[in-house]
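Note that these values count all heavy atoms, side chains included, but never hydrogens, waters or copies made by symmetry. Letters go in sequence order (proteins before strands), and every chain restarts at 1.
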Amino acid sequence: MAEKLKFSLVSPERELVARDVDQVVVPGADGDFEVFAKHAPMMSTMLPGIVVVKDGTSEDRIFVRGGFADVTPEGLTVLAEQAILVEDLKGDLLGEQKNAANNDLQAAQTPEENLAAQRAIEVLGRL
Amino acid sequence: MANLNELKLRIRSVKSTQKITKAKQMVAAAKLRKAEEAATMARPYAERMEAVLANLASGVGDLSNAPKLLAGTGSDKVNLLIVATADRGLCGAFNTNIVRKAREAIVRLQGEGKEVKIICIGKKGRDQLKRLYGELIIKTVELSEVKKVGFANAKEIADDVLARFEAGEFDIAHLFFGKFKNVLTQVPTEIQVIPAKAPENAELPDLAGAIYEYEPDEEEILKTLLPRYVAVQMFRALLENAASEQAASMTAMDNATRNAGDMIDDLTLQFNRARQAKITTELIEIIAGAESV
């Protein structure tokens, strides 16, 4: 059994996840990357996307709207602007997020904002 | 006798006031629990954010290339004071304490010949500052319509502040709020939000010789992180304020209830004495009447 990664995912309103897992996929600004235990320290901004948390056979998927991922020797911390479990993301909540993403696209002023909004729409469209 | 009736009325009115203060106290106690919970839940994010910022700031050796939000505009002429108070009264000296702290800062800054601008969050603070510094208030935010303060509320305020900073309306921003220490103590606190100050006591992770990598690069991360840091501090201040307000309200109402109780005791004693005196007088009159026959 490989060493476990200490993972925590926090949004401004609460701490969503704080436990030891095998592996986490993070939607980084320069592409998705996977973090295992003993990853080299790094910090990355995130685009809207899905954080996939794998532990043994279980897999949790969490939708995040931008934020940061901070990998330190102690573990991985994801600071998400907004985070919602994918299984909760349906019906009204999904529509709300889609609207928000569309609004972001309208309001986008820089290419980065534009890209982030398009990513959000694309990711939400796939759900 | 009129005096007796008057006393009776007063006792009744104090009793109904006591009922109101008691109810308000219980409401505040219930709300306090929720507000405290919200403040606690928000803590991990704020703490991690601080750690990340401290980490980044320590990596930026040369401040002259850093974003303005971290390095400042190079001037300290125009100061913006963001004064967060409650929208409602009935919470003792809570609002007054925050306003007093802000007023001291205004006097100090103006004494140094600096320009002061004020943004008020909460009605009570505005009401108290309006009298002396009405022309300095550039904006008031009222949150009385908001039931539960969410991050979106804080972000809205922060975005406005940041837009004003970008437009060069001020150089330094201070934030005033009531820090929630415990139910009995709320400390009026001042923090500087712009330019952002990384907490000095934050512990940096031990990298064991490894080099931190930044993706896309340090500057890009700082550029997105700093505005968010401002919003997070605003959010934290709002939550602490909400908890403090309820705690102060609870204490104030507890005192009021107790005072009302004391007053009822006093009045009842007075009432009984007056009644006894009346009975005695009547008896003496009857006896005196009987004797003279």
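Only the side chain of A:Thr77 has a heavy atom closer than 4.5 Å to any heavy atom of chain B. Only the side chain of B:Phe235 comes within contact range of chain A, with at least one heavy atom under 4.5 Å from a heavy atom of that chain. Heavy-atom distances place the backbone of A:Ala80, and not its side chain, under 4.5 Å from chain B. Heavy atoms closer than 4.5 Å to chain A are found nowhere in B:Leu239, neither backbone nor side chain. Heavy-atom distances place the backbone of A:Ser11, and not its side chain, under 4.5 Å from chain B. Of the two parts of B:Arg43, neither the backbone nor the side chain holds a non-hydrogen atom closer than 4.5 Å to a non-hydrogen atom of chain A.
When the shell of 6.0 Å around CZ of A:Arg14 is examined, it contains 12 or fewer heavy atoms from other residues, nucleotides or ligands.
Checked by atom type, the side-chain pair B:Arg88/B:Ser249 shows no donor-acceptor distance below 3.5 Å.
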Criterion side chain to side chain contact (heavy atoms under 4.5 Å, CB included) on B:Ser244 and B:Phe94, from CA distance to verdict: CA-CA 8 Å; B:Ser244 295; B:Phe94 171 70; 3.4 Å; yes

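Side-chain contact between B:Asn79 and B:His174: present, with at least one pair of heavy atoms (C-beta onward) separated by less than 4.5 Å.
For the side-chain contact (heavy atoms from CB on, under 4.5 Å) with B:Cys91, the qualifying choice from B:Glu245, B:Gln246, B:Met250 is B:Glu245, the only one to do so.
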